[in-house]
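Below is one structure, written out as structure tokens, with a few remarks after it.
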Number of protein chains: 2
Amino acid sequence: MSAKQPTIKEIAKRLNISISTVSRALHDHPSIGLRTKTRVKELAEELMYEPNQAAIFFQQRKTFTIGVILPFLSEAFFSAAISGIEDVAGKNQYTVLLGQSRDDAEREKQIIDTMKKHRVDGLLISISKHTTSYEHFEMLKKSGIPLVFFDCIPNMPDIHYVACNMVSGTVQATSFLLKKGHRVIGLINGPEKLYASKQRKEGYQIAMSKHRLKYDPSLIVNSDLTKESNYKATKELLTHKRKVTAIVTFNDYVAIDAMQQASEQKININKDVCFVSYANLPLVQHLKFSPMASVEQHPYLQGQKAAEMLIELLGRKDDERETPGSYKIIVDSQLMIFPQ
Amino acid sequence: MSAKQPTIKEIAKRLNISISTVSRALHDHPSIGLRTKTRVKELAEELMYEPNQAAIFFQQRKTFTIGVILPFLSEAFFSAAISGIEDVAGKNQYTVLLGQSRDDAEREKQIIDTMKKHRVDGLLISISKHTTSYEHFEMLKKSGIPLVFFDCIPNMPDIHYVACNMVSGTVQATSFLLKKGHRVIGLINGPEKLYASKQRKEGYQIAMSKHRLKYDPSLIVNSDLTKESNYKATKELLTHKRKVTAIVTFNDYVAIDAMQQASEQKININKDVCFVSYANLPLVQHLKFSPMASVEQHPYLQGQKAAEMLIELLGRKDDERETPGSYKIIVDSQLMIFPQ
DNA sequence: TTGTAAGCGTTATCAA
DNA sequence: TTGATAACGCTTACAA
């Protein structure tokens, strides 16, 4: 049982040759005689030899591991994203180390520490919504660990990232409603300081001005994305002095709460008040109340792109990596309209 | 930029002492003079020294990494389970390497290979529903890598596992319906060879016999869990010669399809035909049609338990690990009844 | 209290 | 075509 794994040394001893010969034979080094090579390979096979990656990682100062830090895997967006990451990583012989921040800045910091300890070759991060200080990211940069952000990105100069352009998604969402004749459209936005919220706000404003409508700031309300806050925001819009006939919500979860709340107020969902949202949850069309449309953010694609970017970065020689500036990829969001 | 990480050698040189002294100072070894210790620690701090874990892993023949292989992170069950795993792992200084099999046996095998290469200390596996041969698991066992299965476990002797007793869950589910007066209850089960299906079947039979009702095999139909297959199974039950008034479904996803199908046949959900299911998806109560109850399988808890078991196994000396037999933990499932 | 040195498994450089 | 040896960074038994 559990006989300890054979090493090249073991093979060398048995064959009465040197370990370097064994190493080379195993690597198909051209200078090794066919005879020796076969002998080595056969014995390796027989002993079920497997190179000790730990030793190789150590020797090559590389772990072939990338760390992925994201808020919640339970959010469909992230589980899709990590699949994209995993696929790209796997194709490139990299492996994925996982850490969920649970939207807790402290936890995020701690995970980064652990990953640094584990000497991941690089990191993919979607920051927690409570992360405000960015020192830990700076620190990583300084220690030469490449970093690619995706989806939720910090407001820092010179970072590599992949993100979705929420502005255009929001323009589409709002325009969709405007074209349907709505004139008083509310927006339940996320926390004000979030970049994602700023983009939605901007998109909303652009759509309004495109349609030559005056922008009414009181139609945008912020929620901290808890159920209570979502309810409150919804009530605020539903009791607005102007009659709100359509609401754009920060994401599908917010939409669920908003529609629930509206329905309790005897409002006919998507009749009296129309809803449009973001995320495009897999189950969204099966919901009791579902929005008329939802902005797809292509999480799998974002994951792929981010992983590709990171691996590209990792492939470079250290000196090339010094290149100033940063990579950015913007994935276009897209309004998915559901059949009614 | 990216100055390469300092080593104890570096510290030793600067302080003109030996590397072993540095190593010991950093580890608070009792035999080191307070003076030297402070000097070492201060310099380490200043240089932002961090031990090279890759070297340590190599040296200690341990990576403090556990591999987790599961079908889909997009299933709420698994994303909850992995959170439990991650929490326990983190508390014990372990880190989590992720692999999704996508219910593909080949992929599963390949992930195992990669993880073995990466020298994970142990593995947590929920097998893919298409895994039929277990050689790769046997192989791991032989190479001395501890293995703990959770949720979906293979039919192998002497394995460690954590699983949910679906029998009792099914007894509860079926009894719930029986108590409501239903007499002709259908079961849309999963693939026949799945252990989980066998348990559900058994539970169904037990509940029936407890209520002194004759078991009618034609009321159990199998689905391969695709949408089409779910539809087909549903139709079969709805056109059964006996009038089926309640249906238990393999899980919430099946329930969604089944209720959709039933509704298209003008059947009044939970009036004409009542539905009960498994999994307790977080969104289940927000669905257009939701089952009257769903069996909770405590994924987070299963994840925790499995991780604890594995870490316990890892903590042992090699000789203790030889202990024959195996650990099993059965987590009780529980019927969650939703307010109507 | 501190230093020396072996060893973990591999790759790579240099010699033979 | 092959072998000896250093090196990667760290821990630890043994010496001093």
Using atom [atom1] of [X] as one end and atom [atom2] of [N] as the other, report the distance to the nearest whole Å.
X	N	atom1	atom2	value
Ile32(B)	dT12(D)	CD1	P	13 Å
Phe57(B)	dG9(C)	CZ	C1'	16 Å
Asn16(B)	dT4(C)	CG	C1'	16 Å
Ile17(A)	dA4(D)	CD1	P	11 Å
Glu10(B)	dC8(D)	CD	C1'	15 Å
Lys117(A)	dC10(D)	NZ	P	13 Å
Leu34(B)	dT2(C)	CG	P	10 Å
His29(B)	dG3(C)	NE2	C1'	13 Å

Original post:
Between Lys41(B) and Asp28(B), is there a side-chain N and carboxylate O pair less than 4.0 Å apart?
Top reply: yes

Subject >> Cationic N near anionic O, under 4.0 Å, Asp87(A) to Arg102(B) >> reply: yes

Original post:
If every non-hydrogen atom of Leu123(B) is compared with every non-hydrogen atom of Leu310(B), which pair is closest and at what distance?
Top reply: N-CD2, 3.8 Å

Original post:
Reckon Thr21(B) has a side-chain N or O less than 4.0 Å from the OP1 or OP2 of dG3(C)?
Top reply: yes

Subject >> Result of checking Tyr327(B), Tyr161(B), Phe137(B) against Phe149(B) for ring-ring contact (aromatic ring centres under 6.0 Å, His included) >> reply: Phe137(B)

Subject >> Ring centroids of Phe58(A) and dC8(D) base under 5.5 Å with planes under 30° >> reply: yes

Subject >> For His118(A), all residues meeting ring pair (Phe, Tyr, Trp, His ring centres under 6.0 Å), sequence neighbours excluded >> reply: Phe57(B)

Original post:
If the sugar-phosphate is the primed atoms plus P, OP1 and OP2 and the base is the rest, what is the B/S/- string for nucleotides 10-16 of chain C, using protein heavy atoms under 4.0 Å?
Top reply: BBBBB--

Subject >> Residues His130(A) and Ser128(A): side-chain donor-acceptor under 3.5 angstrom >> reply: no

